[in-house]
Amino acid sequence: MGVRGLQGFVGSTCPHICTVVSFKELAEQHRNKHPGCTPTIVVDAMCCLRYWYTPESWICGGQWREYFSALRDFVKTFTDVGIKLVFFFDGMVEQDKRDEWVKRRLKNNREISRIFHYIKSHREQPGRNMFFIPSGLAIFTRFALKTLGQETLCSLQEADYEVASYGLQNNCLGILGEDTDYLIYDTCPYFSISELCLESLETVMLCREKLCESLDISLADLPLLACLLGNDIIPEGMFESFRYKCLSSYTSVKGNFDKKGNIILAVADHISKVLCLHQGEKKLEEMLPLGPNKALFYKGVASYLLPGQKSPWFFQKSKGLVSLDKEVGSIHSDPESKQEVPMCTDSETKHGVPVCTDPESKQGVPVCTDSETKQGVPVCTDPESRQGVPVCIDPESNQGVPMCTDPESKQGVPVCTDPESKHGVPVCIDPDSKEGFALCTHPESKQGVPVCTHPEPKQRDPICTHTEIKQKSPLGADPEFKLEAVICTNPEIKQEDLVNMEPEVKEQVTMVSDPEILKIARAHHVQAESYLVYSIMSSGEIECSNTLEDALDQALPSQAFVYRPVRQRVYSLLLGGDAGGASTCPTVKEWFVYSGNPLRRPDLVRPLQMNIPGGTPNLKLLWLNQDPGLQAHRLDALLGCFDLFSSREELQAVENPFKALCCLLIYLFVQVDTLCLEDLHAFIAQALCLQGKSTVQLVDLQLDYIDPRAVQLGSLLVRGLTTLVLVNSACGFPWRTSDFMPWNVFDGKLFHQKYLQSEKGYSVEALVEQNRSRLTKFHALKAVVCKACVKENRRIVSRQHWRSPQPGRWGRQGAGAHRMSSEYSRAGQGQHWRDQGPGNRQYEPDHWRRYSSSSGRAAAPCMLLICREVRCKAPLRTAATPGARRQQGPGTRHVSASTPLCRGSRRSAATVFMSEAPYFTKGSLMCCCDLGMTF
């Protein structure tokens with residue numbers, strides 16, 4: 001995170017830039033300097049999660065009561081001395097940082113594997129050196145802080161830029177976090193969360209001015225230094241050879257061969273001694289080995305520029321004023337920007353027209369000032385209408401591209417002129433091909449939708465792209481879109497470079513065209529009241545980080561698969577508001593971490609129609625209608641997402657906060673056939689016992705040992721609670737959020753204790769600690785879950801009735817065989833988790849089901865291969881006997897066990913999923929073919 005090597009460099013080579021400060025004293029100084037202004041610290045919450053999570057136990061799913069208490073103490077300590085806290089959370093992963101995100105997730109996978117190996121070897125929690133934050137910690141921290149009355153915001157991009165912008169624009173006392181990027185931003189002071197002593201409110205302030213003094217560079221040079229060293233945008237290896245050349249030159253003069261610290265000193269020395277000599281005369285690409293990475297490098301530098309800031313490293317040639325057949329009459333000073341703007345006089349209107357100078361042609365280009373953004377927009381004069389038409393200068397051709405102004409967004413949209421109709425047609429410029437795509441205007445949303453032209457019928461069909469439009473407001477706190485047109489000012493940098501390197505928040509061409517609905521979703525997102533909803537509706541791309549899951553336990557599925565059908569129905573609700581329903585909805589890109597997924601590309605997941613009376617409800621009805629009677633429809637939608645509408649009456653009879661928990665348990669036990677009666681007892685008993693325990697009692701709770709299966713079950717339930725957050729917000733909040741916050745319904749150690757007791761055969765009375773009231777509630781909740789599962793042909797049985805485990809992907813038999821029997825068929829209701837394979841293919845409702853052999857004899861394995869075009873549509877699945885196959889459709893053929901495929905006995909799931917060829921184990925076969933592979 002942050003600039004490569006800078007944290008270590010500061011600690012070892014430049015410790016003098018770190019100063020111990022007291023927040024109490026700083027707050028008092030701030031009040032004296034700014035009377036009536038409350039000292040405010042903006043907190044990068046994602047950097048603080050490890051500091052905040054102080055409970056000793058972290059392996060069992062999270063000690064949420066303890067964690068909530070620690071957050072409350074943290075907030076109270078600051079408010080007691082009159083300091084206001086504003087918390088920022090990451091809202092989504094920027095595309096430029098996706099590779100870095102993937103790299104960290106794969107690293108986390110390796111750490112999790114080591115954690116489970118340690119648990120199996122030692123039957124205890126690893127030391128703090130192997131600490132891994134509990135699943136869902138960031139999500140639930142937002143709601144905990146809001147419960148504590150704190151201002152909590154969720155960014156529209158990665159949070160560090162918005163944190164730095166907020167701190168600068170709101171005259172904050174400082175930034176509290178742990179990211180060396182805050183040493184690069186020219187913003188308010190940066191304080192370290194890792195060095196914070198909460199009792200004395202003292203920490204370390206890292207001074208960027210002292211850093212510049214030590215490196216002999218200016219503040220404006222820090223973004224350049226950061227990119228040359230490598231950060232989340234610029235890969236570390238991009239300038240590796242350049243850094244070593246700098247080091248070689250530096251050490252030959254200094255005679256010091258301390259490579260680690262000297263690399264930063266050497267690069268800084270090169271900036272101050274070499275690059276600065278030619279600053280303003282030569283372009284960076286003439287002084288640095290940028291090569292094909294020029295656009296990315298400029299974008300990396302620009303990502304550190306906050307609103308109103310400029311970089312001296314963006315080369316501009318000297319400007320000369322030419323009148324373009326008009327006389328330069330005056331210099332106009334914009335009262336907002338305080339900058340002087342050259343003016344030329346229009347011979348027709350006699351009015352002064354601002355001009356900007358094209359540094360290539362040395363000619364003045366007339367500009368008009370946008371009343372909303374106060375910025376100049378280049379214009380060309382239409383010879384027929386004599387009206388100025390806004391243009392955007394193409395940096396390659398130096399030609400003006402006409403633009404039309406959207407009356408809704410006040411944005412300039414490039415247009416092309418139809419030679420037949422003479423009308424301008426809005427176009428979108430593809431930054432890769434430099435070609436313009438025509439836009440058709442949606443009649444309701446007034447938004448341009450790109451169209452593609454078929455070469456033969458010459459018809460234009462709407463296509464979904466991710467064309468990005470600038471949004472000047474960097475802060476999520478402003479619910480209004482104040483967009484500005486992009487003006488190309490540096491012809492040496494390609495247009496797409498400028499478009500993509502700006503750090504401002506970008507509004508993409510969204511998946512949802514209704515601006516009112518999108519505005520509500522955005523507001524809920526910014527205020528940290530929802531989870532994933534805005535990402536689905538805006539970009540159609542979501543991600544989920546690592547979960548404590550044992551890659552070698554093939555009997556328990558990954559949470560990514562278990563809750564996928566729920567997400568599919570949410571996609572249908574959020575994206576399928578028209579008559580076409582889920583069938584016309586676009587696919588959603590899922591970056592979900594699970595064993596064997598290399599994360600080279602996202603899973604493409606299709607929405608799934610809800611199975612409720614009336615079909616998928618209208619989103620406007622759920623979100624905008626305040627009629628109290630609509631709450632029942634919202635609840636129907638929520639249950640429809642879990643496909644539990646048939647259990648509506650039973651769930652309605654359950655009291656809070658157990659209603660949401662029962663809904664989740666029913667879904668889990670219907671989906672996962674390896675869950676047994678003992679698991680259900682442990683889940684219910686811990687929720688009931690939690691209500692009567694204090695935080696101190698939970699802290700003092702001791703476990704006999706740690707069971708790896710219980711660890712994964714705890715994480716599976718917590719991920720289910722995060723899924724409830726998504727569903728509840730998507731359906732218009734039919735349930736109170738507090739009813740499924742983990743500190744009210746789940747405790748990791750307590751669940752682990754009940755799990756171990758249930759495994760040992762403890763009675764129900766013992767599980768509920770001999771409490772008669774809890775015993776009554778226990779039987780009532782168990783009856784609700786079991787009755788609902790029976791409706792879905794799922795009978796929950798005790799583990800003692802299971803046969804001995806058998807090798808293979810399917811793990812335990814018995815209950816699993818019942819779950820996979822031919823009696824259970826819910827065609828069109830989404831894939832069972834075992835039918836879902838690795839990434840890089842589309843997932844859609846699947847009508848195929850496996851069959852278990854009823855004869856008891858070993859059947860020759862026969863696999864179904866379902867292919868469409870060159871992409872494998874779904875994983876290969878097992879049919880126990882040829883006679884048990886269902887009717888196959890086009891593109892389906894059989895592959896027998898003798899087919900020359902990649903074979904093996906029993907390899908790990910990771911090996912199977914990452915295989916480039918189809919592979920099968922005993923009793924199962926899965927396809928991991930990549931694009932282009934045919935059979």
Side-chain angles (χ1 to χ4, degrees), residues 18-58 62-89 128 131 133-134 137-154 159 163-164 166-167 170-179 182 187-207 528 694-700 738 741-743:
C18 301
T19 307
V20 177
V21 295
S22 169
F23 279 126
K24 296 177 183 178
E25 296 175 2
L26 292 176
E28 189 62 32
Q29 295 171 10
H30 189 276
R31 277 189 286 265
N32 294 335
K33 188 176 181 180
H34 308 280
C37 180
T38 303
T40 302
I41 295 177
V42 55
V43 183
D44 186 342
M46 301 301 291
C47 295
C48 301
L49 294 177
R50 287 175 176 267
Y51 175 89
W52 288 332
Y53 192 86
T54 55
E56 181 183 348
S57 174
W58 49 269
Q63 300 310 109
W64 296 98
R65 283 272 180 91
E66 296 177 55
Y67 181 63
F68 187 86
S69 179
L71 282 179
R72 183 173 52 224
D73 293 342
F74 179 87
V75 169
K76 185 177 184 298
T77 304
F78 281 92
T79 55
D80 284 348
V81 297
I83 296 178
K84 176 185 177 182
L85 299 175
V86 178
F87 298 88
F88 272 85
F89 288 82
R128 193 75 180 187
F131 172 74
I133 63 173
L137 190 67
I139 300 164
F140 292 119
T141 302
R142 304 179 198 173
F143 292 95
L145 291 170
K146 292 183 75 68
T147 302
L148 294 169
Q150 298 303 295
E151 184 175 350
T152 308
L153 301 172
C154 195
V163 167
Y166 187 96
N170 293 275
N171 193 28
C172 289
L173 191 64
I175 294 170
L176 186 61
E178 201 67 30
D179 190 338
Y182 295 125
T187 182
C188 58
Y190 162 43
F191 305 107
S192 169
I193 182 65
S194 64
E195 300 293 334
L196 175 64
C197 175
L198 200 58
E199 290 76 15
S200 63
L201 272 182
E202 290 183 346
T203 188
V204 168
M205 179 180 72
L206 291 87
C207 180
S694 66
T695 302
V696 175
Q697 288 176 306
L698 294 172
V699 172
D700 294 337
S738 61
M741 290 297 104
W743 46 87

Q) Is the backbone N or O of Gln150 less than 3.5 Å from a side-chain atom of Thr152, with the two atoms forming a donor-acceptor pair by type? A) yes
Q. Looking only at heavy atoms, what is the nearest atom pair of Ser57 and Tyr53, with distance?
A. O-OH, 2.7 Å
Q) Does the side-chain contact (heavy atoms from CB on, under 4.5 Å) test come out yes or no for Thr147 and Ser738, once each step is laid out? A) CA-CA 9 Å; Thr147 302; Ser738 61; over 6 Å; no
Q) What is the minimum heavy-atom distance between Glu178 and Ile193, and which atoms define it? A) OE1-N, 3.3 Å
(Q) Ignoring hydrogens, what is the shortest heavy-atom contact between Phe89 and Ala138? Give both atom names and the distance. (A) CE2-O, 3.6 Å
Q. Stepwise, does the side-chain contact (heavy atoms from CB on, under 4.5 Å) test hold for Phe88 with Val42?
A. CA-CA 7 Å; Phe88 272 85; Val42 55; 3.5 Å; yes
Q. What closest approach, in Å, do Gly82 and Thr38 show between heavy atoms, and which atom pair accounts for it?
A. O-CG2, 3.8 Å
Q | Salt bridge flag under 4.0 Å for residues Glu202 and Lys24 | A | no
Q) With sequence neighbours excluded, what pairs up with Lys146 under the side-chain hydrogen bond (donor to acceptor under 3.5 Å, both in side chains) test? A) none
**Q.** Check: Thr54/Glu66 side-chain N/O donor and acceptor closer than 3.5 Å
**A.** no
Q: Compute whether any side-chain donor of one residue and acceptor of the other, for Asp44 and Tyr182, lie under 3.5 angstrom apart.
A: yes
(Q) Parallel, tilted or perpendicular: which one describes the rings of Phe74 and Tyr51, with boundaries at 30° and 60°? (A) perpendicular
Q: Would you sort out whether Leu196 and Leu198 count as a side-chain contact (heavy atoms from CB on, under 4.5 Å), showing the intermediate values?
A: CA-CA 6 Å; Leu196 175 64; Leu198 200 58; 4.3 Å; yes
**Q.** Ile175 to Cys188 - nearest heavy-atom pair and separation
**A.** CG1-SG, 3.6 Å
Q.
When you compare the side chains of Thr141 and Tyr67, does any donor N or O come within less than 3.5 Å of an acceptor on the partner?
A. yes
Q | Arg128 to Phe131, cation-pi by 6.0 Å centre distance and 45° axis angle | A | yes
Q: For Thr695 and Ser69, work out which heavy atoms get closest and say how close.
A: CG2-CB, 4.4 Å
Q | For Thr40, side-chain hydrogen bond (donor to acceptor under 3.5 Å, both in side chains) partners two or more places apart | A | none
Q. Hey, what do you get for SG (Cys172) to CG (Leu85), rounding to the nearest 0.5 Å?
A. 10.5 Å
Q. Do the ring planes of His34 and His30 sit parallel (below 30°), tilted (30 to 60°) or perpendicular (above 60°)?
A. tilted
Q. Any donor and acceptor pair, going by atom type alone, linking the side chain of Glu25 with main-chain N or O of Ser22 inside 3.5 Å?
A. no
Q.
Counting the benzene-type ring for Trp, do Trp52 and Phe87 have ring centres under 6.0 Å apart?
A. yes
